[in-house]
Amino acid sequence: MRTLHHLERSALDATATILLPDTVVTVDETTEGAEAVLVFGTEIAAVGSVADCRQAAVKLGHPAPEERRLPGALLPGFIDPHAHPLMYGQMMTWVDCGPGRASSIPEIVALLSEAAARTPDGRPVRGYGYEHRNLAEKRHPRKEELDAVAADREVYLMNASGHGGVVNSYTLARNGVTRDTPDPDGGVFFRDEHGELTGELSDAACNILTGVSGVKVGHHGPNFHLADEPEEHLRQLAVAQEKFLAAGVTSIGDAQVTRREFDMYLRLAEAGQLTTRVHLYLLSHLLDQALEMGLHGAFGNAHLSFAGIKFYADGTLGGWTAYFPDGYVGDPCRTGQLYHDPADYAELIAKAHAAGLQTATHAQSPDAIAMVLDAIEAAQRENPRPDARHRIEHCGLPTPEQIARMAALGVHPVNQPQHYYNWGEGVTDAIGTPGERFNPLGEFQAAGVPVTLSSDAPVAEPNPLEAIQTAVTRVTRRGHRLGGDELLIDVRSAVAAHTLAGARALGREHELGSITPGKRADFVLLAADPLTTESGRLADIPVLETWVGGEVQHRDARRETA
């Protein structure tokens, strides 16, 4: 048994409760095999046998603690270290044009037209979720097709990747974009073989969607920071938070924070409505401002904290904007792009690193990943920092040599198996056979590189069990499997990758990520033990309860109240 001897009492009247689930999955070798958990106030006080927990309660001055039986498996709360909660909440108000609702461009146009008919004049019409390879036409819609939805207001159809999409002619004209407009750094206004705009845009070109007074991020990332009234943003964020809790997620890393997100989190926290734990990664266009304000390290409280700086190296595999200088197999005319000149990027990383900040860089292609590793290596050489924990987000296609470099540099890749689940076949369509190694989790593990899982919501739903199932099976939504067994990890490792590894990626492993005395009482109660469930059924396990700080913040409505 392990107990906490120096427990911080948040209040003199803190309650003690012994939880008695059918199974406890602690994700902690020292407490493995436990049958009970003592919760004292907001923290875990003891883990072990029932007798051990009762004895620990007596020592805390609670000789008769409440004992609660929990049917199911108790795990540490899932941690999603890379997501975009406000974007996710906002997109819930948009039109779903994903493969479940539209399989062709006319069907997308019909969905958007229905929305336009019920949307007040002048308000934009926005859809999301299309992937051109899933459409009957096997191409992106064109601006002329979206003109049929509306010609007097913005129409925007976001690609499933979140890194761009298609707009109508009105949107281009309103922003003065013509066939002669140069592409912005880190973005593209796509043109056809005659040089005419198609309406498709990507990454930094999405700045035109934010309006005159909206958030501008330049070439520091895809601009999905579209404005609504503050009250609407707060509602969107609250709805998104409920979705995370319903999936068993107790801690989130917001991987692209601008003043829009920062303001909304502060408002939600001030209203006492922030029930998950949120860790903020400011987008790199705010780096100088952050340093001027003295943000030289992680700080915050139990529910809202600053974690580091988010960068972009290249685009997305889903939207074919990840950087492949020799072109895509599926479209040799496309190369994708880098967001920064390598030398400029290295200077940014060096500046953040020297200040003591963690960096998290989006990079998908081998060339982009090489740029990140070169910059981190140079920064460490100039200012050695043990355990800097620089992150590479997505890190979809590293070479074996690059994986070895990650291990040597202590880099943490943060992967999203649901990307593989939703469109793994599309990666091989885009770049050929090398795409079969997409998300090589088993290779990371074999090389001693931490395996960390996340959702990237709204690019995928916040569903840790689906991510865990995909990490274990590598079977896509369509039933395909790419690559060999060396790319797989086992279920115990996958559970740890969505709990304790997530906490490490956020720098919070001393208080989150496992059922260990002294850590916060954040749990998820599942209807079945994932360690003994058939691998192809892991995503079907219901989430019964989600606890944050010793309190139930979500309970399955279908479950009888205990």
Side-chain angles (χ1 to χ4, degrees), residues 23-29 32 72-83 244 247-253 391 393-396 398 403 412-422 424 437-457 460-477 481-506 509 512-515 522-543 546:
T23 307
V24 184
V25 180
T26 65
V27 196
D28 180 345
E29 292 181 359
E32 190 169 353
L74 191 72
L75 284 74
F78 291 123
I79 294 177
D80 193 337
H82 181 120
F244 281 95
V249 175
T250 55
S251 293
I252 304 165
R391 295 170 35 165
E393 310 304 296
H394 315 305
C395 199
I403 294 174
H412 287 239
V414 178
N415 291 98
Q416 297 77 32
Q418 288 164 283
H419 289 191
Y420 177 96
Y421 180 71
N422 286 324
R437 289 182 59 258
F438 182 42
N439 275 336
L441 304 183
E443 293 184 13
F444 287 143
Q445 187 175 65
V449 172
V451 178
T452 307
L453 305 185
S454 63
S455 71
D456 197 20
E461 288 293 309
N463 187 343
L465 289 165
E466 186 175 83
I468 289 169
Q469 176 177 306
T470 307
V472 171
T473 66
R474 286 186 67 86
V475 175
T476 71
R477 184 182 295 275
R481 177 181 161 181
L482 302 176
D485 289 347
E486 73 280 0
L487 302 174
L488 300 173
I489 60 173
D490 62 79
V491 66
R492 188 177 294 274
S493 298
V495 169
H498 229 316
T499 51
L500 186 56
R504 288 194 182 112
L506 296 170
E509 72 273 19
L512 305 172
S514 65
I515 300 180
D522 295 359
F523 311 115
V524 57
L525 181 67
L526 302 178
D529 181 355
L531 302 186
T532 59
T533 298
E534 193 273 316
S535 61
R537 302 298 301 275
L538 287 165
D540 299 329
I541 300 175
V543 173
T546 304

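Source: prediction; values computed, not measured.
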Would you compute the distance between atom [atom1] of [X] and atom [atom2] of [Y] and round it to the nearest 0.5 angstrom?
X    : Y    : atom1 : atom2 : value
S455 : F244 : OG    : CZ    : 5.0 Å
E466 : R477 : CD    : CZ    : 5.5 Å
Y420 : T476 : OH    : OG1   : 6.5 Å
H419 : S454 : NE2   : OG    : 7.5 Å
S535 : D490 : OG    : CG    : 11.5 Å
D456 : H82  : CG    : NE2   : 4.0 Å

Please step through side-chain contact (heavy atoms from CB on, under 4.5 Å) for the pair T546 and T250, ending with a clear verdict. CA-CA 7 Å; T546 304; T250 55; 3.6 Å; yes
Check whether any side-chain N or O of [X] sits under 3.5 Å from a backbone N or O of [Y] as a donor-acceptor pair, and report yes or no.
X    : Y    : result
E29  : V27  : no
R474 : N439 : yes
Q469 : L538 : yes
H498 : I79  : yes
D28  : S514 : no
N415 : H394 : yes

Would L465 and L526 satisfy side-chain contact (heavy atoms from CB on, under 4.5 Å), going step by step from the backbone distance to the final call? CA-CA 10 Å; L465 289 165; L526 302 178; 4.1 Å; yes
Closest approach of [X] and [Y], non-hydrogen atoms and distance?
X    : Y    : answer
G424 : L482 : O-CD1, 3.5 Å
P440 : G396 : CD-O, 3.6 Å
A528 : T533 : CB-OG1, 3.9 Å
G77  : T499 : O-CG2, 3.9 Å
V24  : T26  : CG1-CG2, 3.5 Å

Pairs touching residues 526-541 that satisfy salt bridge (charged side-chain N to carboxylate O under 4.0 Å, His left out), sequence neighbours left out: R537-D540
Could you check whether any side-chain heavy atom of [X] comes within less than 4.5 Å of a side-chain heavy atom of [Y], counting everything from C-beta outward?
X    : Y    : result
I541 : P530 : yes
L506 : R391 : yes
P413 : E393 : no
T23  : L74  : no
V543 : L525 : no
T473 : L488 : no
P417 : L441 : yes
C395 : F444 : yes

Name the residue from I489, V449, V451, I403 that meets the side chain to side chain contact (heavy atoms under 4.5 Å, CB included) definition with E443. I403
T470 and Q418 side chains, donor-acceptor separation under 3.5 Å: no
Are R492 and E32 within salt-bridge range, i.e. N to O under 4.0 Å? yes
